[in-house]
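Only a predicted model underlies this, so the values are computations on that prediction, with no experimental measurement involved. We use all heavy atoms of the structure for the numbers below, so side chains are in, but hydrogens, waters and symmetry mates are not.
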Amino acid sequence: MELLLLVCVFSLGVAAPADGPNSTYDTIVIGLGSAGTTAATELAQSGRKVLALEAHDRVGGRVHTVPFGDGLVELGAEWIHGNVSSRTYALAVKHNIDTKLQPLSTDPYRSDGTKPDVALVTELLNLDFTEEHPDPPEAVGTFVTKKFMEYITKNKPDLLKDQDFITEFLEFSNLQTNTMEASNDWNDVTTGDLYEQLGGPQTISWHRHGYKTFFDIMLNKYNNGSGLPNLDIKLNTEVTRIITPQHPNETVTVECKDGSSYTAKHAIVTVSLGVLKATHTTFFSPPLPVEKRTAIEKISIGVVGKVILSFDKPWWPKDITLFAFIWKGDDKKKVSADDYWTTRILGAHPPMGSNNTLTLWTSGEVAKQVEKLPEDIVKTKCVALLQRFMGDALKITMPAPTGFLRSTWYSNPYTRGSYTYDNLQAPRYPLARKWLSYPLLDSAGEPRVLFAGEATNERHFSTVHGASETGRREAERLLSANDPGRGRKL
Ligand SMILES: Cc1cc2nc3c(=O)[nH]c(=O)nc-3n(C[C@H](O)[C@H](O)[C@H](O)COP(=O)(O)OP(=O)(O)OC[C@H]3O[C@@H](n4cnc5c(N)ncnc54)[C@H](O)[C@@H]3O)c2cc1C
Ligand SMILES: *[C@@H]1O[C@H](CO)[C@@H](O)[C@H](O)[C@H]1NC(C)=O
Ligand SMILES: *[C@@H]1O[C@H](CO)[C@@H](O)[C@H](O)[C@H]1NC(C)=O
Ligand SMILES: *[C@@H]1O[C@H](CO)[C@@H](O)[C@H](O)[C@H]1NC(C)=O
Ligand SMILES: *[C@@H]1O[C@H](CO)[C@@H](O)[C@H](O)[C@H]1NC(C)=O
């Protein structure tokens, strides 16, 4: 009891400003993922006093580089998607970091151990209907199936006799969409999405540098940098409540789980949509306005997951980006209900940061399930899966893995999902992401609590560069709001 009391008094002591109200921060940034780190560092570099509060014991959020195999792997974001006007790519170039393009090549295998007609599968995989936006919008699965059938009817009429192949291929395409969108089924995703790719190659890798280098650079830690004097970072600090002031003279109050609380003129909230969905009713005082609550409810955040295995040495063909697993209907029927999840794994991908490592990609409900299954089961079944698809074709008996790692983006209370996608409702709520991005204003109309994060980016959601853009957007909002010379065009 006494001890508890002491702890309590101690944390209050820590939280109290050291030298009166004038020492409070200009801005408190909540969350140090791509959006939060961009906002915090841009404000600090512009001379603002910034406090950043991060629940994890590390910076990076959904970017998480981990030493593994004979190098490192990414549990979260894997690639820089596009090199034209990309904040991530531009920073790498500026610091002379040699990023590497991972060439897009798929090597398909079937569940009976045979190789499919590789030229045919490659031709069909290269059909890309994602840039087409039918009016009115449709479910992606419905639309792609229709376009696919039109294509083979016109160009591959013989295939129409092989209904089993068509079904297998479309099932694989479904998984491919889910692994890209974080959806559970391609019919949950709309063709009416507003996503725009940046120009250039979509699979640029930080390879042995690791994606975490992006954060080292922003925080001025790269190459033994000395950090940023205007930025205080507190890790292991979960924020539980934000009190938005109504009166211009009052500060924003940010309360933390450890009992500490901090005040500042502004706060920028960058927690994921999953965290907002789970906590917003208690997180914000007063409660959020109706547009924002609607946006939080209507936008979807899905799950993409990774099971990462290392081996004594690589046993797979070089220069392949994806060993694709294409199930045959008959084989699938023989799999027990307990093992259903093994039929919904896209395939194996050799990450560029480690030479002796393969990543198996999961998505949707199966990704959630794989996070919770016992480790030995996941490991054993994944090795069996590699054996089933690749063993015969490569004439090898699968060696036991030397290392095992898996992502937990859904069960992690500080992410509660991997990234957002535009679901079937999205076309009816075209302003939802904008609503999510609007700041909460005080009675003088000044922005006091601001919002950033991938979900608030209308065109570049679900990416690291898109999240970073929103951090910059909110830093700019504050910098221009307080600088009469620059006007307030935001
Ligand atoms: C498996 C996977 C693969 C991906 N692949 C790619 C890819 O190849 N390329 C790409 O561009 N993008 C990819 N993404 C998406 C990309 O990682 C995200 O869009 C981006 O990192 C999100 O950044 P953010 O700042 O919006 O959110 P986050 O990174 O989630 O940052 C929010 C931060 O807030 C913290 N936080 C949460 N709650 C609290 C609280 N209560 N108090 C304090 N702190 C809190 C979190 O710990 C986190 O650090 C991938 C994501 C996943 C999961
Ligand atoms: C983007 O990558 C392509 C292909 O590697 C390259 O030709 C182009 O010059 C790059 N663009 C930029 C802006 O670096
Ligand atoms: C950074 O510091 C470490 C330890 O002082 C040193 O070994 C290393 O060479 C330095 N790296 C660079 C790039 O200066
Ligand atoms: C707000 O602050 C200003 C300047 O410090 C002061 O003149 C004014 O009286 C304050 N208003 C209230 C309602 O506290
Ligand atoms: C990994 O492979 C690359 C390319 O073959 C090579 O340059 C690198 O040295 C290898 N690294 C290790 C640790 O084997």
Side-chain angles (χ1 to χ4, degrees), residues 35 62 81-82 85 127-151 170-171 173-199 202 270-278 280 288-304 363-365 367-368 410 415-439 451-467 469-470 473-474 490:
R62 284 171 270 172
H81 292 317
S85 308
L127 299 174
D128 184 6
F129 306 115
T130 56
E131 295 302 302
E132 291 181 49
H133 298 278
D135 185 26
E138 294 177 38
V140 163
T142 309
F143 178 69
V144 171
T145 301
K146 192 169 63 194
K147 300 293 285 188
F148 177 81
M149 293 311 290
E150 279 170 22
Y151 180 87
L170 289 173
E171 268 304 298
S173 301
N174 185 0
L175 280 184
Q176 201 174 30
T177 301
N178 297 330
T179 310
M180 232 148 57
E181 302 284 345
S183 50
N184 182 56
D185 188 279
W186 61 352
N187 282 322
D188 296 338
V189 187
T190 180
T191 58
D193 68 292
L194 297 176
Y195 184 79
E196 276 173 11
Q197 281 189 358
L198 298 184
Q202 300 297 306
T270 76
V271 305
S272 75
L273 180 72
V275 172
L276 286 177
K277 280 181 192 282
H280 79 89
L288 292 174
V290 64
E291 294 83 16
K292 215 177 268 292
R293 279 184 277 137
T294 304
I296 291 170
E297 189 189 316
K298 298 298 176 188
I299 305 172
S300 287
I301 180 163
V303 193
V304 165
S363 55
E365 293 301 319
K368 295 182 188 174
Y410 178 70
T415 47
R416 297 181 185 273
S418 296
Y419 44 85
T420 61
Y421 63 91
D422 277 350
N423 61 27
L424 298 186
Q425 296 184 89
R428 285 199 283 129
Y429 297 92
L431 296 179
R433 292 180 192 274
K434 230 190 195 101
W435 290 340
L436 198 59
S437 75
Y438 287 154
F451 292 80
E454 60 82 16
T456 72
N457 196 322
E458 287 181 281
R459 310 267 167 200
H460 301 152
F461 56 86
S462 78
T463 64
V464 179
H465 64 263
E469 286 170 3
T470 67
R473 179 190 71 208
E474 297 311 314
L490 297 162

Open item on the list: Just verifying a value: how many Å separate L431 CG and E458 CD, rounded to the nearest 0.5 Å?
Closed with: 7.0 Å
- [ ] Mark yes or no for whether S272, through its side chain, and T415, through its backbone, hold a donor-acceptor pair below 3.5 Å.
- [x] yes
TODO: Measure across V304 and A182 and return the closest heavy-atom pair with its distance rounded to 0.1 Å.
DONE: CG2-CA, 3.4 Å
TODO: Using the test ring pair (Phe, Tyr, Trp, His ring centres under 6.0 Å), find all partners of Y410 that sit at least two apart in sequence or belong to another chain.
DONE: none
Task: Least distance between heavy atoms, H81 atom then T463 atom - done: CD2-CG2, 4.1 Å
Task: Separation between CZ of R293 and CD of E291, rounded to the nearest 0.5 Å - done: 9.0 Å
Task: Heavy-atom closest pair, residues P137 and T191 - done: CA-OG1, 3.5 Å
Task: For the student: nearest non-hydrogen atoms of E365 and N184, plus distance - done: N-OD1, 2.8 Å
- [ ] Ignoring hydrogens and angles, tell me if any N or O in the side chain of E132 forms a donor-acceptor pair with the backbone of D128 under 3.5 Å.
- [x] no
Task: Reported OG-to-NZ distance for the pair S418 and K368, which is rounded to 0.5 angstrom - done: 10.5 Å
Open item on the list: Please tell me whether Y419 and F461 form a close aromatic pair, meaning their ring centres lie under 6.0 Å apart.
Closed with: no
TODO: May I ask you to decide if Y438's main-chain N or O and K292's side chain share a donor-acceptor pair within less than 3.5 Å?
DONE: yes
- [ ] From the options D188, V140, I301, select the one residue that forms a side-chain contact (heavy atoms from CB on, under 4.5 Å) with Y421.
- [x] D188
Open item on the list: Tell me if a side-chain donor or acceptor on R416 pairs with a main-chain N or O of V275 at a distance below 3.5 Å.
Closed with: no
Task: Heavy-atom pair of closest approach, residues A295 and A432 - done: CB-O, 3.2 Å
Task: salt bridge (charged side-chain N to carboxylate O under 4.0 Å, His left out) partners of R459, counting only residues at least two apart - done: E196
- [ ] Give the minimum heavy-atom separation between Y429 and W435, together with the two atoms involved.
- [x] CD2-CZ3, 4.2 Å
Task: From OG1 (T130) to CD (E181), nearest 0.5 Å - done: 8.5 Å
- [ ] Look at the side chain of K277 and the backbone N and O of I296, then say whether any donor-acceptor pair between them is shorter than 3.5 Å.
- [x] yes
Open item on the list: When you compare the side chain of E469 with that of H465, does any pair of heavy atoms fall below 4.5 Å?
Closed with: yes
TODO: Give a yes or no answer on whether the side chain of N457 reaches the backbone of A467 with a donor-acceptor pair at less than 3.5 Å.
DONE: no
- [ ] For N178 and N174, indicate whether the former's side chain and the latter's backbone hold a donor-acceptor pair under 3.5 Å.
- [x] yes
- [ ] Check whether any side-chain heavy atom of L436 lies under 4.5 Å from a side-chain heavy atom of L273, and answer yes or no.
- [x] yes
- [ ] Check whether any side-chain N or O of R473 sits under 3.5 Å from a backbone N or O of A452 as a donor-acceptor pair, and report yes or no.
- [x] no
Task: Test item: S183 side-chain N/O and W186 main-chain N/O as donor-acceptor pair under 3.5 Å - done: no
Open item on the list: Among residues at least two apart in sequence or on other chains, which ones pass side-chain hydrogen bond (donor to acceptor under 3.5 Å, both in side chains) with R433?
Closed with: T420, D422
TODO: Determine whether more than 12 heavy atoms belonging to other residues, nucleotides or ligands lie under 6.0 Å from atom NZ of K146.
DONE: yes
Open item on the list: Just by distance, no angles: are the side chains of N423 and S300 close enough, under 3.5 Å, to form a donor-acceptor pair?
Closed with: yes
